[in-house]
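All chains are named by letter (A, B, ...) in the order of the sequence lines, taking the proteins before the strands, and each is independently numbered beginning at 1.
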2 protein chains.
Amino acid sequence: MYQDRKRHLEARARVLKAMSHPTRLFIIEELDKEERCVCDLTGMVGADVSTISKHLSVLRQAGIVAADKRGNQVFYRLRVPCILNFFGCVESVLESQFQEQAAFLENVGA
Amino acid sequence: MYQDRKRHLEARARVLKAMSHPTRLFIIEELDKEERCVCDLTGMVGADVSTISKHLSVLRQAGIVAADKRGNQVFYRLRVPCILNFFGCVESVLESQFQEQAAFLENVGA
DNA sequence: TGGCTTTTTGGCTATATTGCCAAATAGCAT
DNA sequence: ATGCTATTTGGCAATATAGCCAAAAAGCCA
């Protein structure tokens with residue numbers, strides 16, 4: 001049952017895991033607008049350059065972004081823009097969480 | 001730039017993180033077909049009951065699944081089926097990874 | 001109540017992730 | 001070559017995650 005699909009599910013999980021960090025989600029959003037060098041993103045996020053570089057490395061290894069070296073800068077771009085389409089669904093999860101919490105609070109009050 | 005969106009991105013990341021495990025992806029797929037009790041899923045995955053229970057707890061806390069206790073069994077169901085729509089995109093990431101690897105191997109050969 | 005099943009929780013160890021600093025690497029310009 | 005900038009890598013400490021076993025909790029049935 002599970003063992004048959006395990007390898008495939010592990011591959012999927014790796015992609016999702018690479019996206020599962022607020023800074024990396026921010027980077028994905030920015031790269032959807034336009035390509036950016038590491039220094040751009042570092043400035044926007046406000047973390048150490050090495051931290052941003054490692055986040056980008058995670059995204060690159062997952063196949064989500066691609067790097068393009070020009071001069072002494074490295075520009076990153078989104079390799080698979082459909083990633084963004086998913087967030088509507090994630091939002092609906094967040095919405096359902098919110099509703100559940102509201103219902104819970106209502107029960108407590110009653 | 002980033003600080004403004006941080007809280008929101010953290011919430012999104014929590015949902016993605018909850019999905020970022022092969023066993024939990026399997027559970028999501030199964031629950032999309034029909035609701036299942038913990039014992040069903042335990043049998044299919046082949047892990048300890050406590051392990052499955054904890055995975056379900058992660059999914060529940062993320063708002064992805066809902067629990068329904070009937071008798072001494074607890075049935076879980078998918079709360080937000082659109083989750084599944086995303087996998088087409090994840091697959092395209094995997095496909096692009098595969099293509100990159102093929103290109104790399106070609107370069108090595110040449 | 002006592003025994004049975006199902007599920008959750010606590011505790012533990014092993015492993016992975018994060019983010020910083022410091023150092024190495026790479027490219028450009030003087 | 002030297003200096004300057006941009007990026008990556010190594011190393012480290014703090015924190016989080018995964019999965020097992022054992023034990024607790026909750027519900028059924030006799």
note: B/Leu9, atom CG; C/dT18, atom P; distance rounded to Å ~ 15 Å

Shortest non-hydrogen pair, A/Ala62 vs A/Ala18, comes out as CB-CB, 3.4 Å

Note: contacts of residues 40-49 of chain B with DNA chain D (heavy atom, under 4.0 Å) are B/Ala47, B/Asp48

Expected list for residues 23-36 of chain A near DNA chain D, using heavy atoms below 4.0 Å, is none

* To do: Answer yes or no: is there a donor N or O on one side and an acceptor on the other, between the side chain of A/Ser53 and the main chain of A/Val49, under 3.5 Å?
  => no

### Query
Are A/Val58 and A/Val80 grouped together when hydrophobic residues (ILVMFWY) are joined by side-chain heavy atoms under 4.5 angstrom apart?
no

Residues B/Gly63 and B/Arg79: closest non-hydrogen pair is O-CD, 3.0 Å

Separation of C/dA22 atom C1' from A/Lys54 atom NZ, nearest Å, is 11 Å

Closest heavy-atom pair, B/Arg12 versus B/Arg5, reported as atoms and distance to 0.1 Å, is NH1-NH2, 4.1 Å

Worksheet item: Is the phosphate of C/dC20, meaning OP1 or OP2, less than 4.0 Å from a side-chain N or O of A/Ser50?
Response: no

Touch check for B/Tyr76, heavy atoms < 4.0 angstrom, all strands: base, sugar-phosphate only, or nothing?
-> sugar-phosphate

So A/Phe26 and B/Tyr2, would you call those rings parallel, tilted or perpendicular, with 30° and 60° as cut-offs? perpendicular

The reported gap from CD1 in A/Ile27 to CD1 in A/Ile52 (rounded to nearest 0.5 angstrom) is 5.0 Å

Separation between CG (A/Leu78) and CD (A/Glu29), nearest 0.5 Å, reads 10.5 Å

Report task. I would like to know whether B/Thr51 and B/Thr42 meet side chain to side chain contact (heavy atoms under 4.5 Å, CB included); could you show each step before the answer? Result -> CA-CA 9 Å; B/Thr51 300; B/Thr42 298; over 6 Å; no

The first and last nucleotides of DNA chain D lying within contact of chain A, meaning any atom under 4.0 Å from one of its heavy atoms, run from D/dT5 to D/dG11

Correct closest heavy-atom pair for A/Leu9 and B/Leu25 would be O-CD1, 3.5 Å

Pairs under 3.5 angstrom, nitrogen or oxygen only, protein versus nucleotides 26-30 of chain C, please.
none

Heavy-atom nearest pair, A/Arg24 first then A/Lys17, reads NH2-O, 3.4 Å

Taken to the nearest 0.5 Å, the spacing of A/Leu56 CG from A/Cys37 SG works out to 10.0 Å

Correct closest heavy-atom pair for B/Met19 and B/Ile64 would be CG-CD1, 3.5 Å

Considering only heavy side-chain atoms of A/His21, the closest of C/dT8, C/dG19, C/dG10 is C/dG19

Residues 38-50 of chain A vs salt bridge (Lys or Arg N to Asp or Glu O under 4.0 Å), sequence neighbours excluded, gives A/Arg36-A/Asp40

*asked:* Cation-pi check for A/Phe75 against A/Arg70: NZ or CZ below 6.0 Å from the six-membered ring centre and within 45 degrees of the axis, yes or no?
replied: yes

Atom pairs, N/O to N/O, protein against nucleotides 13-15 of chain C, distance under 3.5 Å?
none

